[in-house]
**Student:** 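Dropping a structure here in C-alpha cells format, bear with me for questions.
Position 1 is the first residue of the sequence; numbering continues from there.
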Amino acid sequence: MAKRVFNFNPGPCALPLEVLEKVQSEFLDYQGTGMSIIESSHRSAQYEEINNAAIALVKELLGLGDNYKVLFVGGGASLQFAMVPMNFLREGQVAAYCDTGAWANKAIKEAKLFGKTEVIFSSKEEGYKRVPKPADLKLPAGCAYLHVTSNNTIWGSQYHAFPDTGNVPLVCDMSSDIASRRLDFTKFSLIYAGAQKNLGPAGVTLVIIRDDFLGKAKEGLSTMLSYLTHAKELSLYNTPPVFGVYIMRLVLEWVKKQGGLKAVEKVNEAKKNCIYGVMDKYPDYFKGPIDKDSRSWMNLTLRLPNEELEKKFIAEAKAAGFVGLKGHRSVGGIRVSLYNAVPLEAAEKLAQFMEAFKKAN
Ligand SMILES: *Cc1c(COP(=O)(O)O)cnc(C)c1O
C-alpha cells in the first residue's frame, strides 16, 4: 500500500482513493477489451457508455431535468470565462458580473473583450471578505445574464444564497464547489466547472446549459467555441478529454454511493466545523479574514499572528503529513481546502494539530 498524506491541495487536489484504485485496476484492460480506456476510440461502445453515464449522473445528482444539456469540453474553466460572453453577450446588451475575487476578475476581463460589461457588486475595497447578499444586487436594463462565482477558491468565500434574477439568466462558475452541497440547480441557466477540484483530473470542464438559454446562443461562431456544436454532438464533435470524463464518471458514481449531495454535504459540514471550530475558539490566534456568513466550506482561509508562525505552521504540518496548506501566493496565510474527497478524519486530525500548535507556540 502506498503511503498517502492528508492532502489539502487547492486544485488539482485529493480524489477519492476508491476511484484511484478502480482506475488502477482497470487501466491495462478496460472491462475485458484488452486495452486501456485511453487506447480506445472515443467512438467506441465503451466510451459512449461512459459519456452517457456521466451525463446521466450529473443530471441525477444535481436534480436536473431533460431541459438541460450536459457538456464536457476542454480549455479549463478559464476558457468558459470567454465562451460565455462570446456566445451570449449581444450588441445592445449588458453582461452583469459580481467581483468577489481573483477568478471573478478573470471572468470580467474576458467579458469586456466581447461587449458591454457592468460590475454590479465588488468587495475588492473590503479585501474580498464577503459575497453579496441577494437583495444588494440591481440588474442593469438589457441584461444578457448575471455571472457569479459560487466559491472563491483563493480568498475563501462562498455564496450561501443566490439571487432570484427573474427572466435574466443566472450563470455560475462552480469550479470549486460543484457537487459539494444541495442547491436548487434549476435556478441556473448555465453552470461551468473545471473538473480538478471536486470532479476529477484537470483537462475536462463540465458545462451545464438550460435549453431556453442555449436557444439564445449566437450562431456562426468559431466551431469549437460554440456551445451549439458541443450540445448538438453530445461533446463528441472532436476527441473529448476521454480520460478525464472516464474519471469524472467514477467520481460521480462515488458521490452517488455516499448517498448523493445530501450525504456529501453533511460530511462537508462536519469537516468545515472542525476547522472553523478551532478558529472561533482562538479568534486572536487563528484569524479568519472572511465574514462569517460568507465563509467557504471548501477553502478555509486563516492568518496566524505573524508570517514567521505561518511558515512554521506550514512546515510542521507538512512534517506531520498535512500537505497543501499554504495560502495562494496573492493572499498569503493558510488555506485549508476541504473538497469532497478529503475525508472527515483529515479535518479532525488537522484541527487537533492546530490546537497543539497553538499551545506550543
Ligand atoms: C480553479 C478555478 C478556475 C480555473 O480553472 P482552470 O480549469 O484552471 O481554468 C476558475 N474558477 C474557479 C472558481 C476556480 O476555482
**Student:** Establish, yes or no, whether a centroid distance under 6.0 Å links the rings of Tyr68 and Phe185.
**Tutor:**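 Judged by ring-centre distance (under 6.0 Å), Tyr68 and Phe185 do not meet the cut-off.
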**Student:** Is it the case that over 12 heavy atoms from other parts of the model lie below 6.0 angstrom from the NZ atom of Lys124?
**Tutor:**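 Not more than 12 within 6.0 Å, no.
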**Student:** We want to know whether Gln80 and Tyr227 form a side-chain donor-acceptor pair, criterion being a heavy-atom distance below 3.5 angstrom.
**Tutor:**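 Yes, side-chain donor-acceptor contact under 3.5 Å.
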**Student:** Less than 6.0 Å separating the ring centroids of Phe188 and Phe162?
**Tutor:**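 Here the rings of Phe162 and Phe188 have centres that are less than 6.0 Å from each other.
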**Student:** Is the number of heavy atoms from other residues, nucleotides or ligands under 6.0 Å of Asp184 CG greater than 12?
**Tutor:**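 Above 12, so yes.
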**Student:** Does Ser157 use its side chain to pair, donor to acceptor, with the backbone of Asn152 at less than 3.5 Å?
**Tutor:**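 Checked: no pair found.
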**Student:** For Pro169, enumerate each residue passing the side-chain contact (heavy atoms from CB on, under 4.5 Å) test, keeping only those at least two apart in sequence or located in another chain.
**Tutor:**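 In terms of side-chain contact (heavy atoms from CB on, under 4.5 Å), with neighbours along the sequence ignored, Pro169 is linked to Tyr145, Ser189, Phe213, Lys216.
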**Student:** Would you say Asp177 and Ser150 are linked by a side-chain donor-acceptor pair, where the criterion is simply a distance under 3.5 Å?
**Tutor:**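 A donor-acceptor contact under 3.5 Å links the two side chains.
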**Student:** Using the test side-chain contact (heavy atoms from CB on, under 4.5 Å), find all partners of Lys218 that sit at least two apart in sequence or belong to another chain.
**Tutor:**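 Arg90, Leu221.
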**Student:** For the residue pair Phe353 and Phe322, does the interplanar ring angle fall in the parallel (under 30°), tilted (30 to 60°) or perpendicular (over 60°) class?
**Tutor:**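 The rings of Phe353 and Phe322 sit tilted, inter-plane angle from 30° to 60°.
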**Student:** Would the number of heavy atoms belonging to other residues, nucleotides or ligands and lying under 6.0 Å from CD of Glu307 be above 12?
**Tutor:**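 Counting neighbours around CD of Glu307, 12 or fewer heavy atoms of other residues, nucleotides or ligands fall under 6.0 Å, so no.
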**Student:** Fit a plane to each ring of His147 and Tyr192, take the angle between them on a 0 to 90° scale, and name the class: parallel (under 30°), tilted (30 to 60°) or perpendicular (over 60°).
**Tutor:**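 The arrangement is tilted - the two ring planes meet at 30° to 60°.
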**Student:** How close do Cys274 and Ala347 get, counting heavy atoms only, and between which atoms?
**Tutor:**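 In this case the closest contact between Cys274 and Ala347 is CB-O, 3.8 Å.
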**Student:** Do the side-chain N and O atoms of Asn340 and Ser180 include a donor-acceptor pair separated by under 3.5 angstrom?
**Tutor:**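 Result is no, nothing qualifies.
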**Student:** Could you tell me whether Glu18 and Lys257 have a side-chain N and a carboxylate O separated by less than 4.0 Å?
**Tutor:**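 Lys257 and Glu18: salt-bridged.
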**Student:** Do side-chain atoms of Lys271 reach the backbone of Val342 as a donor and acceptor pair under 3.5 angstrom?
**Tutor:**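 Looks like yes, one N/O pair under 3.5 Å.
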**Student:** Please determine if Lys129 and Asp291 form a salt bridge, counting it only when a charged side-chain N lies under 4.0 Å from a carboxylate O.
**Tutor:**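 A salt bridge links Lys129 with Asp291.
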**Student:** Taking CZ in Arg43 as the centre, count heavy atoms belonging to other residues, nucleotides or ligands within less than 6.0 Å. Is the count above 12?
**Tutor:**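 Yes - once you tally the heavy atoms of other residues, nucleotides and ligands closer than 6.0 Å, there are more than 12.
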**Student:** Examine distances only and state if a side-chain atom of Thr149 and a backbone atom of Asn151 form a donor-acceptor pair shorter than 3.5 Å.
**Tutor:**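 The answer is no, because no donor-acceptor pair under 3.5 Å joins these two groups.
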**Student:** Please check if the side chain of Ser235 supplies one atom and the backbone of Phe72 the other of a donor-acceptor pair under 3.5 Å.
**Tutor:**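 Present.
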**Student:** Can we call the ring centroids of Tyr30 and Tyr246 under 6.0 Å apart?
**Tutor:**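 Distance test on ring centres: under 6.0 Å, yes.
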**Student:** Can a cation-pi geometry be assigned to Arg295 and Tyr276, taking NZ or CZ under 6.0 Å from the six-membered ring centre and within 45° of the ring axis?
**Tutor:**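 Flagged: Arg295 positioned over aromatic ring of Tyr276.
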**Student:** Where do Lys312 and Glu316 land on the salt bridge (Lys or Arg N to Asp or Glu O under 4.0 Å) test, with the steps shown first?
**Tutor:** CA-CA 6 Å; Lys312 192 168 181 221; Glu316 288 185 10; 3.8 Å; yes
**Student:** If you count every heavy atom of other residues, nucleotides or ligands that lies below 6.0 Å from Tyr285 atom OH, does the total exceed 12?
**Tutor:**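 It does: Tyr285 OH has more than 12 such atoms within range.
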